[in-house]
Amino acid sequence: MGLGPHSPHKAGRRFPAGGKRGRGAKGSGRPTSGRQREPRPPPDGRSEPALDAPLHLSSEALGYFRRALSTLKEAPETGEERELMVRNVLKEAEAQALALATHRTGSEMLQELLGFSPRKPLCRVWAALRSNLRFVACHRSGVHVLQSALLQLPRLLGSPAENEEVEEEEDGKEGSLETLEELVQGLASEVCDDFLFYCGDTHSSFVVRTLLQVLGGTLLESERARHRGFQSPETQRAPPRECKPTDFEVPESFLNGLQNLSSCFLKDIAVFITDKISSFCLQVALQILHRKLPQFCAHLCNAVIGYLSNRNSSADGSPLLLFLRDQTSSRLLEQVLLVLEPPRLWSLFEDHFQGQLQILAAHPIANFPLQRLLDAVTTPELLSSVFEELSPALEAVLAQGHPGVVVALVGACRRVGTHQVQVLQLLLEAFHCAEPSSRQLACVPLFATLTAYEVYYGLVEEEGTVPAEHQVEMATARALGEVSVLGSLLLQHLLHFSAPGLILRSLGALTGPQLLTLAQMEHPWGPGRKLLLSWGSRTRS
C-alpha cells in the first residue's frame, strides 16, 4: 500500500495479504463374490536380499501384494479369515521386506499393509529391516516404511494383548522375537549412537522426528501431515494454528528414552541451530518435551538462547537479532518462543526484543518470530509493553505486507483481555474507515479483504481533503471482495472481543448475496465459513 502511519488518508493500494516465507495404480483384481479368496504368494518368494546384491522386486511379487492389498480393503473389517489373510500376506512381506521398502510402489503398499498389521507381524517386518537401518532410513522410499511402522504404535500399544498361540509356537522354533517396545528402544539407541548423521540426512531426519513423537506419546498433526502415506487433503491444507497434537499412553521407559535422545541435542547445539535439516528435529523435540517433560524443555531452550546470546554482537543491539533475521535459526527461535514459560519469556523480551519490535515487524524474516512472540503473550504486563511499542506502526506494518504481525497482536489482545478498544480504533484508522463515523459500518469487508476504504470502493481522494461519507447504496451494490485467510482470522479475533458490537453491526449490514458469497468462498481453509461460524457463536451468546 505504501502508506506511512502518519498519512492515513493518502491514496493507497490494497494491503498486501502477507508474503510467503521462503524455504524452500491402486490395487487391481477384485475378490470373487462370496467367500474371500486369499491371493497365492509369488512362486519366487525370496528372503531379504543383501545390500551388495540387487534389490529386485519381481513383477509377480508386486502383483501379488497389489492383489492382496485390494482383497484386504474389500474384506470385512473383522473375522478370523481376515486375520489369517493379514498374517499370511505380512509373512510374505517379511521375506521381501527390504526389496518392498526400497521400491517406490512396493513401499506404498507395505505402508498400507502395516496399517492392518497386529503386533507380532509388524515386529517381524521391522526386525527384517533393522539390520539395514541406515540404508532404509536414508532411502527416499524406505524412510516412509519406518515412519509407518512407528505410527502404528498408538494403535498397537492401546490394543489388548493378542492371543497368538500359533505364533508363539513359531517363535519357539525360530528363536525369540523382540517386542514392539524393545524394537522402539533399540531404534532409539541406534539413532542416539549416530545422532548427527540421522538428524542431518534429508530422509532419515523424518525417522528421528517421528521417533521423538512416539517416545513422547504425542503425534503432532503438522509433522504427521508430512508423511505422505498418511496425508489427507484436509490435513495438508490445515493451517498450523489448527493442528492439534494427539496424545496416547506410552510405557515409562519411552519417556526415559525421549530424555536420553533429546540430551543428544546438547552435545552439538550449534549444528541444530544453524543446519536447516537438523534444526527441524530440535523443533519437534521442543514441542514434545514442552508437553511431556517441561523441565527438560526449559533446559534445552536455555541452551539455545545461551548459545545465540553469546555470539558476536550486532551493530544494532543484541546478538540474538542476527539470528532472528536468519532463515534457519529464526524458525527454531519461533518454536522456542512458543514453549517458554511466562517469566522466561518476559526476561527474553527485555534482554533482546524491547526497542526493536518495529524493526523486526518490517523485516521479511524476523516478522515471523515476532508473530510467535505475540502468540506466546499471556500476561497484561508483557502485552502492555509490546502494544506500546508496536501499535504506532500498525498501518506501516500492514503496508509492508506483514499483516500476520497485526493479526497476532489483535489475537494477543483477545487472549489477555486488554487494549481491545485501542487496537480496534487503530485498525479503523489504518483501513481509513474511522472518520467520518459512517464509514465504520463498512469495516468488515475492509478487514476481511485487507483493503483500505477508498481502494475497496474505488474512490479517488486527494491528500488533505475531507473524506467522503459512507454511501450505503454504493456498499450494497458492490460484490464482496475476496476474503483472505489473515483477514478472516483478524475478524474472528475481533468477534471474540468483550465488546464486538461494531463488528456485529457491520456484518449485519452485508446484503444477502454478500453473505452468501462469504459462506461459499472457496479457499483451502474456508475463511468465509469460519468467519460466519464465529459470528453465529457470538450472536447466540
Side-chain angles (χ1 to χ4, degrees), residues 15 17-18 238-244 371 374-375 377-378 380 383 386-387 390-391 394-395 397-398 403-434 437-453 456 470 475-476 480-541:
F15 284 116
R241 296 166 194 251
E242 296 184 1
C243 293
K244 303 293 184 183
Q371 291 178 43
L374 293 168
D375 289 342
V377 171
T378 57
L383 179 57
V386 170
F387 190 87
L390 196 56
S391 58
L394 188 145
E395 183 174 349
V397 172
L398 285 168
V405 175
V406 175
V407 173
L409 178 62
V410 175
C413 294
R414 166 191 171 181
R415 188 171 54 254
V416 178
T418 59
H419 299 286
Q420 293 183 357
V421 174
Q422 298 99 307
V423 79
L424 178 56
Q425 180 61 33
L426 289 170
L427 285 171
L428 294 173
E429 294 171 2
F431 285 86
H432 307 171
C433 60
S437 59
S438 60
R439 287 190 173 192
Q440 296 180 11
L441 197 62
C443 67
V444 162
L446 306 184
F447 294 167
T449 59
L450 296 178
T451 311
Y453 184 91
Y456 187 83
H470 178 62
T476 56
L480 185 68
E482 182 181 354
V483 179
S484 71
V485 173
L486 289 174
S488 174
L489 286 172
L490 175 62
L491 281 168
Q492 289 174 54
H493 288 320
L494 293 171
L495 279 168
H496 287 87
F497 275 13
S498 58
L502 175 60
I503 308 300
L504 292 173
R505 288 194 299 274
S506 182
L507 271 169
L510 295 178
T511 64
Q514 290 170 339
L515 288 171
L516 183 61
T517 301
L518 188 63
Q520 294 176 336
M521 190 70 68
E522 291 188 8
H523 189 283
W525 300 342
R529 290 187 290 274
K530 293 198 174 212
L531 176 55
L532 289 177
L533 287 172
S534 294
W535 180 26
S537 68
R538 290 300 291 173
T539 54
R540 288 192 299 269
S541 60

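Since this is a predicted model, take the numbers as computed values, not measurements. Worth knowing before you read on, the calculation uses all heavy atoms, side chains too, and leaves out hydrogens, waters and symmetry mates.
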Worksheet entry | Any donor-acceptor pair under 3.5 Å from Gln420 side chain to Cys413 backbone |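 The answer is yes, because a donor-acceptor pair under 3.5 Å joins these two groups.
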Worksheet entry | Expected output: side-chain Arg414 to main-chain Leu495 donor-acceptor under 3.5 Å |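 Between the backbone of Leu495 and the side chain of Arg414 there is no qualifying donor-acceptor contact (under 3.5 Å).
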Worksheet entry | ring-ring contact (aromatic ring centres under 6.0 Å, His included) partners for His470, two or more places apart |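 Listed in chain order: Tyr453, Tyr457.
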Practice prompt. Please list, chain by chain and in numerical order, all residues satisfying ring-ring contact (aromatic ring centres under 6.0 Å, His included) with Phe447, sequence neighbours excluded.
Written response: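 By the ring-ring contact (aromatic ring centres under 6.0 Å, His included) rule, Phe447 matches Phe431.
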Practice prompt. Starting at CG of Leu510, measure out to CG of Leu516 and round the result to the nearest 0.5 Å.
Written response: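 If I round to the nearest 0.5 Å, the distance is 12.0 Å.
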Fill in: Spacing of Leu394 atom CG and Leu426 atom CG [to the nearest 0.5 Å]
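Output value for this atom pair is 6.0 Å.
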Discussion item. Run Val421 and Phe497 through side-chain contact (heavy atoms from CB on, under 4.5 Å) and show every step you take.
Written reply: CA-CA 9 Å; Val421 174; Phe497 275 13; over 6 Å; no
Worksheet item: Given Leu502, which of Leu441, Val444, Leu428 fulfils the side chain to side chain contact (heavy atoms under 4.5 Å, CB included) condition?
Response: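 That would be Leu428.
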Minimum heavy-atom separation for [X] and [Y], please, with both atom names.
{"X": "Leu390", "Y": "Leu409", "answer": "CD2-CD2, 4.5 Å"}
{"X": "Thr449", "Y": "Pro445", "answer": "OG1-O, 2.6 Å"}
{"X": "Cys443", "Y": "Ser506", "answer": "N-OG, 3.5 Å"}
{"X": "Leu486", "Y": "Leu450", "answer": "CB-CD1, 4.3 Å"}

Item to complete: Take Leu507 and Leu491, measure what side-chain contact (heavy atoms from CB on, under 4.5 Å) needs, and give me the verdict at the end.
Response: CA-CA 10 Å; Leu507 271 169; Leu491 281 168; over 6 Å; no
Partner set under side-chain hydrogen bond (donor to acceptor under 3.5 Å, both in side chains) for [X], not counting sequence neighbours:
{"X": "Thr511", "value": "Gln514"}
{"X": "Gln440", "value": "none"}
{"X": "Ser438", "value": "Glu469"}

Evaluate the side-chain proximity of [Y] to [X]: yes if any heavy-atom separation is below 4.5 Å, no if none is.
{"X": "His496", "Y": "Arg415", "value": "no"}
{"X": "Phe387", "Y": "Val377", "value": "no"}
{"X": "Gln422", "Y": "Ser391", "value": "no"}

Worksheet item: Does one side chain, of His432 or Glu395, offer a donor that lies under 3.5 Å from an acceptor on the other?
Response: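 Yes, because at least one side-chain N or O of His432 sits under 3.5 Å from a partner of the opposite role on Glu395.
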